[in-house]
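Below you will find the structure I want to go over with you.
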Amino acid sequence: MKFIIVFVALFAVALAAPRPEAEILKYESDVQPEGFQYAFATSDGVEAEAQGQLKNVGTEEEAIVVKGSYSFVADDGVTYTVNYVADENGFQPQGAHLPVAPEA
């Protein structure tokens with residue numbers, strides 16, 4: 001559970017750090033023993049949301065699965081969005097601006 005809180009806090013700081021003048025327009029958070037969800041938006045166009053759930057609770061295979069997205073307005077004025085899953089297979093981002101590996 002500490003991992004979840006640290007992950008969410010670092011993620012929020014990383015997105016907010018380069019834009020210190022932004023105001024928080026929306027902030028929602030719900031942390032439970034076996035899961036969490038959050039969403040926020042700032043006045044400079046940054047938005048993020050995620051949900052996480054423990055799976056295989058109480059077993060050797062216990063793991064957290066996080067699904068979410070974030071978006072931001074880059075210096076070129078374009079809004080970039082990343083959708084992701086983070087689980088026992090690692091961080092798996094998808095976005096129109098991200099390269100895709102060729103199929104084997």
Side-chain angles (χ1 to χ4, degrees):
M1 190 54 141
K2 291 178 187 176
F3 171 78
I4 295 169
I5 294 169
V6 171
F7 175 80
V8 171
L10 289 175
F11 186 77
V13 169
L15 285 178
R19 305 181 192 305
E21 299 157 10
E23 294 180 22
I24 297 172
L25 302 176
K26 171 181 150 182
Y27 178 77
E28 300 170 359
S29 176
D30 182 24
V31 178
Q32 301 293 323
E34 294 183 7
F36 73 91
Q37 64 180 23
Y38 72 85
F40 69 85
T42 62
S43 60
D44 62 354
V46 173
E47 295 185 27
E49 62 86 20
Q51 307 82 36
Q53 290 291 318
L54 283 176
K55 68 179 200 176
N56 303 317
V57 177
T59 70
E60 291 287 322
E61 292 80 34
E62 183 173 285
I64 188 164
V65 175
V66 179
K67 295 180 183 180
S69 67
Y70 60 90
S71 61
F72 59 94
V73 179
D75 292 338
D76 60 6
V78 176
T79 299
Y80 294 93
T81 300
V82 176
N83 297 300
Y84 65 88
V85 174
D87 57 16
E88 66 274 8
N89 297 314
F91 181 69
Q92 304 152 53
Q94 293 182 339
H97 62 290
L98 298 176
V100 178
E103 292 193 30

### Message
Below 30° counts as parallel, above 60° as perpendicular, anything between as tilted: where do the rings of Tyr70 and Tyr84 land?
### Response
tilted
### Message
For the CD1 atom on Ile24, are there more than 12 heavy atoms of other groups (residues, nucleotides or ligands in this structure) within a distance under 6.0 Å?
### Response
no
### Task
May I ask you to say whether Lys55 pairs ionically with Glu88, meaning some side-chain N is under 4.0 Å from a carboxylate O?
yes
### Message
Side chains of Lys26 and Phe40, heavy atoms from C-beta outward: is any pair under 4.5 Å?
### Response
no
### Message
Could you check whether Glu23 and Thr42, counting side-chain N and O atoms only, form a donor-acceptor pair closer than 3.5 Å?
### Response
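No, no side-chain donor-acceptor pair sits under 3.5 Å.
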### Message
Distance check, rounded to the nearest 0.5 Å: Ile64 atom CD1 versus Asn56 atom CG?
### Response
12.5 Å
### Query
Going by heavy atoms in the side chains, are Thr81 and Phe72 under 4.5 Å from each other?
no
### Exercise: identify the closest heavy-atom pair between Gln94 and Leu98
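Of all heavy-atom pairs spanning Gln94 and Leu98, the closest is C-CD1, 3.9 Å.
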### Task
Heavy atoms only: give me the nearest Val78-Tyr80 pair and the separation to one decimal.
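Shortest heavy-atom separation between Val78 and Tyr80 comes out as O-CD1, 3.4 Å.
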### Message
Between Leu54 and Glu62, is there a side-chain heavy-atom distance shorter than 4.5 Å?
### Response
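Yes, at least one pair of side-chain atoms sits under 4.5 Å.
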### Task
For Gly35 and Gln53, work out which heavy atoms get closest and say how close.
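Result for this residue pair: CA-NE2, 3.8 Å.
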### Query
Taking a hydrophobic cluster as the set of Ile, Leu, Val, Met, Phe, Trp and Tyr residues connected by side-chain heavy atoms closer than 4.5 Å, whether directly or through intermediates, do Val66 and Val57 fall within one such cluster?
yes
### Task
Indicate yes or no: at least one non-hydrogen side-chain atom of Val31 is less than 4.5 angstrom from one of Gln37.
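No; the side chains remain at least 4.5 Å from each other.
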### Query
Looking only at heavy atoms, what is the nearest atom pair of Asn83 and Ser69, with distance?
OD1-CB, 3.1 Å
